[in-house]
There are 2 protein chains.
Amino acid sequence: MKRNSRLSAALHALLHMAERDTPMTSDDIAACLNTNAVVVRRTMAGLREAGLVESGRGHGGGWVVTRPLCEISLLDVHLALGEPDLLQIGHATENPGCVVEQVVNSALDETMKEAEDILLRRFGEIKLEDMAAAFRARSAGHAATAHRTG
Amino acid sequence: MKRNSRLSAALHALLHMAERDTPMTSDDIAACLNTNAVVVRRTMAGLREAGLVESGRGHGGGWVVTRPLCEISLLDVHLALGEPDLLQIGHATENPGCVVEQVVNSALDETMKEAEDILLRRFGEIKLEDMAAAFRARSAGHAATAHRTG
DNA sequence: TTTTCATGTAACTATTTATGTTACGAATAA
DNA sequence: TTATTCGTAACATAAATAGTTACATGAAAA
């Protein structure tokens, strides 16, 4: 199974959009993400329904972020994407008759839920603005490095 | 994508094996897990290499647990299975040139690693004996419930 | 009004991963 | 020698993600 990269893609798109003062077309975004415009629209559809972005058609149309980055958390984006499963580990039978399997499932479910809760809590703490700041810092660092040659 | 259920299957098998004083054949185990004997051998191969179980061929052959359940943790089993990915979330590009994507990947990787570490730590704390005890308790509970009718 | 641009979406294809199945060889006990 | 059981390769199936094609819809510009 491929690993789900929609959260990564959505964040990447949002940060690029936020850097610009005009709408980005799906094709623009697709070029940034090395993917296809339809895939972009599919991913962005959830964000639009959640009110994180808006889309416009026709000339000058495209996608814009509708809220300040400091008000959007990774959790918001994750929820907007439809809360895809975070964990890879599951169990074969959902409602097993075998008591051994019930015990195994309980133990795993409990542990998985604990990890999932932690992930979601952290997602809630991280805002897009934090990532944008990290981006600016890293860009500045690279620029400095580039100048520091010789 | 289906979710990986090998850890669940391995635990289920180990607990059944531990309840018996003779080897369980792959077919026996497959019947318990509602799966195929070849799938069982494939899963158990890792456990054998890790020294958690032994297998014998021919008449009277099959699988036995080689260590006391209090000395086997979920982490041991997870490692024996080859440390399959625990998390579903990934990113599209592994070594992106885009600085925005680098920042997104860093933030996600960090958060994912944190959750993964917690999972592994918990796995290390849970022993098969704990699950066997839970099984015995639940079995007793069910028996009592069954008698308590009317 | 017509043209051009851009999203919205359904339908299909491709790729990857996990699991199931078949087939046969090798080892072991009866 | 035969029945049993693991070991393993090769192939089949199933499910999920992502990529592609095609076309309808809506909006701005010419």
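Note that the structure is predicted; figures quoted are calculated from it, not measured. Every chain is numbered from 1 and lettered A, B, ... according to where its sequence line falls, protein lines coming before strand lines.
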Do the side-chain N or O atoms of [X] get closer than 4.0 angstrom to the phosphate oxygens (OP1, OP2) of [N]?
{"X": "B/S55", "N": "D/dG7", "answer": "yes"}
{"X": "B/S5", "N": "C/dA18", "answer": "no"}
{"X": "B/T35", "N": "C/dG20", "answer": "yes"}
{"X": "A/R48", "N": "C/dG8", "answer": "yes"}

Closest to the A/V38 side chain, choosing from C/dT7, D/dT20, C/dC5:
D/dT20

With the side chain defined as heavy atoms from C-beta on, A/S26 is closest, among C/dT19, C/dT7, D/dC6, to C/dT7

N/O donor-acceptor pair under 3.5 Å between A/D109 side chain and A/S106 backbone
no

Hey, is the side chain of A/H59 pairing donor to acceptor with the base of C/dT4 inside 3.5 Å?
yes

Any donor-acceptor pair under 3.5 Å joining the side chain of B/R57 to the base of C/dA26?
yes

Go nucleotide by nucleotide along DNA chain C from the 5' end; which of A/A45 and B/R6 gets its closest nucleotide reached first?
A/A45

Round to a whole Å and report the spacing from [atom1] of [X] to [atom2] of [N].
{"X": "B/M44", "N": "D/dC6", "atom1": "CE", "atom2": "P", "result": "10 Å"}
{"X": "B/R41", "N": "D/dA10", "atom1": "CZ", "atom2": "P", "result": "17 Å"}
{"X": "A/D27", "N": "D/dT20", "atom1": "CG", "atom2": "C1'", "result": "13 Å"}
{"X": "A/M17", "N": "C/dT7", "atom1": "CE", "atom2": "C1'", "result": "13 Å"}
{"X": "B/N4", "N": "D/dA14", "atom1": "CG", "atom2": "P", "result": "20 Å"}
{"X": "A/I89", "N": "C/dT19", "atom1": "CD1", "atom2": "P", "result": "9 Å"}
{"X": "A/D85", "N": "D/dA15", "atom1": "CG", "atom2": "P", "result": "16 Å"}
{"X": "A/Q88", "N": "C/dA18", "atom1": "CD", "atom2": "P", "result": "6 Å"}

Quick one, B/M112 and A/L119 - any side-chain contact, counting heavy atoms below 4.5 Å?
yes

Residue pair B/L52 / B/V65, side-chain heavy-atom distance below 4.5 Å
no

So how far is it from A/L14 CG to A/M131 CE, rounded to the nearest 0.5 Å?
10.0 Å

Testing the basics here: between B/E94 and B/N105, what is the closest heavy-atom pair and its distance to 0.1 Å?
O-ND2, 4.3 Å

So B/R42, base contact, sugar-phosphate only, or nothing? Heavy-atom distance under 4.0 Å.
base

